[in-house]
Amino acid sequence: MAESPITPREKDFATWYQDVVIQGDMAEPAEIVKGCMVIKPNGYAVWEVLQRELDTRFKATGHQNVYLPLLIPESFLKKEAEHVEGFSPELAVVTVAGGKKLEEPYVIRPTSETIVGHFFAKWIQSHRDLPMLINQWANVIRWELRTRMFLRTTEFLWQEGHTAHSTHEEALEEVIRMLDVYAEVAEDVMAMPVVKGVKTRAEKFAGALRSYSIESMMQNGLALQAGTSHDLGQNFGKAFDVQFQSKEGKLDYVWQTSWGVSTRLIGGLIMTHSDDKGLVLPPKMAHRKVVIVPIFRKDDEKAIVMEAAAKLAKEVGAHIDTREGHSPGAKFFHWERRGVPIVLELGPRDVAAGNIVIKRRDSGTKEIIPQTELAAKVAETLEAMQRDMFAKAKQRLADNTVVANSLGEVREILDDVTAEKGGGKFVMAHLKDDPANDAAIKEFRASVRNIPLVDEYDGPGKCIITGEEVAQRVVIAKSY
RNA sequence: CGGGGCGUGGCUCAGCCUGGUAGAGCGCCUGGUUCGGGACCAGGAGGCCGGAGGUUCGAAUCCUCUCGCCCCGACCA
């Protein structure tokens, strides 16, 4: 028995994660470029599934795709005071082009609110131009000091939605609508349960009135911000002079929103479902759902097995592993590490008996069934897997969410938690939304993840720091 | 930016202290035997030892400079 190339979660969760990403052939560090990664075919295919699922929903809610420039004039960033302050430290700037020093440097986009502001000002004159609903699929660069594959890389892929509305109410509806879209994709497609909520003022997007997020829990108990949706108010409208004339003939600034999810979701997917044997993909996220490993010795056996395999593969849309020079065992490990939901084994014994062996990736259960029942069994198994994986993740979230009623208690629960050691929890506590309180939590390197939109706890209570009455408990956790 | 580690065949690393013909395992190629959970045997290809300079008869090894990567903290989708 060869030693597993994957570090067990128990031993070191962070290393386990790296191992799963690499052994699952999802991505590898770019090495030649600091903090960047190469997304490999197996990883990019997952991104393509996400893109399809999200894009379909964006279109269904009335959005259209656009593409904006990668480079932003430096002065644009400075137009919104909070925005530039928030992003300055992590900008990459182009100062030389065409062999000449540029008069005004270009910033490589960390996000496109400013460019959007500029073009919205050109495109919007009347209330009839509203709402303006656009989305961009793009890459962005944020010069982060600490990177981890998929979770935080210097360059990453994402989508950023940008909308403009004539009223704040309408903009807020949009913010929540898109947050709901994210939650739906996370839960129904990725089988990754999330907590929807409002970010504290200290944690909001630079330049927003308020930010909303979906937070998910990884297997080590750390929180992952899986998606954000921002109520930008009229901040960017004023900064970029995006005005429209109302029905009554009055001029007003537009109310904007922006929302995004990134390749980070792939990291979340991995850390939600995978195990010590490697990647586990929920069926809806798997581009290759079923693989057949044929087993044979002699050429005559090979002929009959391959014939049966071809017929069954066609029936269930399976990929046949025809690679030569690899034993069946090696092939099982190969697909297991890559997270394929169902692996079918087909050998001479099965062909003779009219059977086939079906193996589920998540539970590891193996079953021998008649070939005539295969199509129905595959469909049923994929459905059950999707359901079971979500239920399991949801249970883990519930099991690791605890209530605390004092700052000391919160600290005790979270103090020793690290990405490597795990043991993280979502701690529900009453806390006033005040930057000073966020700072107190930061002292032990935890943070307020969000204030849930739906309070599933005991309603109002006294803030664990100030003692003031607050409406509900917030989620406090260590996070990525 | 502070602390730590590391650059040697595709990968993981040994060799460096004590200078003297560049190694191992895995992977790869060829042939044969295998094949129901990581097969075995035989043969083979592949490296100016991150870069520059210096010391020396001679440098992967010693000295100086330099570039880069990884890990740990402060910042973050």
Side-chain angles (χ1 to χ4, degrees), chain A residues 1-6 12 14-15 18 22-23 28-36 85-91 109-111 138-160 182 199 202-206 211 213-216 223-230 258-268 277-278 293-299 301-302 305 321 323-337 343-353 355-357 359 364 366 368 418-420 442-443 445 447 479-480:
Chain A
M1 179 72 119
E3 199 176 322
S4 172
I6 298 170
D12 181 340
T15 304
Q18 296 261 7
I22 288 166
Q23 293 299 323
E28 64 184 51
E31 288 175 335
I32 48 168
V33 190
K34 184 172 159 48
C36 290
E85 196 189 324
F87 279 102
S88 289
E90 48 187 273
L91 296 179
R109 68 178 159 222
T111 179
N139 56 338
V140 292
I141 283 192
R142 297 184 187 178
W143 214 260
E144 304 286 359
L145 301 171
R146 176 97 167 80
T147 58
R148 301 175 193 263
M149 283 191 284
F150 289 115
L151 300 173
R152 182 173 302 106
T153 44
T154 301
E155 179 182 9
F156 58 93
L157 302 181
W158 78 343
Q159 63 62 220
E160 46 180 327
Y182 289 157
K199 284 285 185 186
E203 296 275 340
K204 75 179 171 63
F205 175 76
S211 290
S213 74
I214 51 170
E215 302 283 334
S216 57
L224 183 77
Q225 180 170 302
T228 48
S229 188
H230 311 292
S258 70
W259 27 274
V261 295
S262 70
T263 35
R264 162 180 273 196
L265 281 176
I266 298 171
K277 292 174 184 161
V293 174
I295 300 161
F296 47 79
R297 274 179 294 250
K298 307 288 178 206
D299 280 352
E301 280 182 352
K302 178 176 175 178
V305 168
D321 187 345
R323 291 174 302 151
E324 286 182 28
H326 293 271
S327 67
K331 290 180 179 180
F332 295 143
F333 280 106
H334 178 89
W335 297 112
E336 187 167 69
R337 278 202 295 269
V343 172
L344 301 171
E345 307 178 22
L346 189 67
R349 284 206 303 266
D350 304 305
V351 175
N355 287 336
I356 188 160
V357 180
K359 181 162 185 191
K366 219 181 207 184
I368 300 170
T418 65
E420 296 75 29
K442 277 257 158 77
E443 267 180 34
R445 286 187 286 132
S447 56
S479 73
Y480 277 102

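A note on names: the letters A, B, ... follow the listed sequences, proteins ahead of strands, and every chain is numbered from 1.
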Write down the atom of [X], the atom of [Y], and the distance for their closest heavy-atom approach.
X: A:Y182; Y: A:Q159; result: OH-OE1, 2.5 Å
X: A:Y480; Y: A:A419; result: OH-CB, 3.9 Å
X: A:P294; Y: A:V305; result: CB-CG1, 3.8 Å

Task: Polar pair under 3.5 Å, donor/acceptor by atom type, side chain A:K277, base B:rG37 - done: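 Result: no qualifying N/O pair found.
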Looking at every strand, decide which applies to [X] at a 4.0 Å heavy-atom threshold: base, sugar-phosphate, or nothing.
X: A:Q18; value: sugar-phosphate
X: A:R146; value: base
X: A:L151; value: base
X: A:E345; value: base
X: A:G260; value: nothing
X: A:V357; value: base
X: A:T153; value: base
X: A:E420; value: sugar-phosphate
X: A:F296; value: base
X: A:S262; value: base
X: A:P348; value: base

TODO: Indicate whether A:F156 forms a stack on B:rA77; treat it as stacked only if centroid distance is below 5.5 angstrom and interplanar angle below 30 degrees.
DONE: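 Yes, A:F156 stacks on the base of B:rA77, since the ring centres sit under 5.5 Å apart and the planes are within 30°.
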TODO: Using the six-membered ring for Trp and the full ring for Phe, Tyr or His, decide whether A:F332 stacks on the six-membered base ring of B:rG37 (centres under 5.5 Å, planes under 30°).
DONE: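 It does not: the ring fails the test against the base of B:rG37.
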Open item on the list: Would you measure the distance from the C1' atom in B:rG15 across to the matching atom in B:rA24 and give it in whole Å?
Closed with: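 Their C1' atoms lie roughly 10 Å apart.
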Nucleotide [N], atom [atom2] - distance to [atom1] of [X] in whole Å:
X: A:E28; N: B:rC11; atom1: CD; atom2: P; answer: 10 Å
X: A:R148; N: B:rC70; atom1: CZ; atom2: P; answer: 13 Å
X: A:Y480; N: B:rC75; atom1: OH; atom2: P; answer: 18 Å
X: A:R323; N: B:rC28; atom1: CZ; atom2: C1'; answer: 15 Å

TODO: Go through RNA chain B and write down every stem, that is, every run of at least three consecutive Watson-Crick or G-U wobble pairs with distances under 3.5 Å, as range with range.
DONE: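 Stem list for RNA chain B: B:1-7 with B:67-73, B:10-13 with B:23-26, B:28-33 with B:39-44, B:50-54 with B:62-66.
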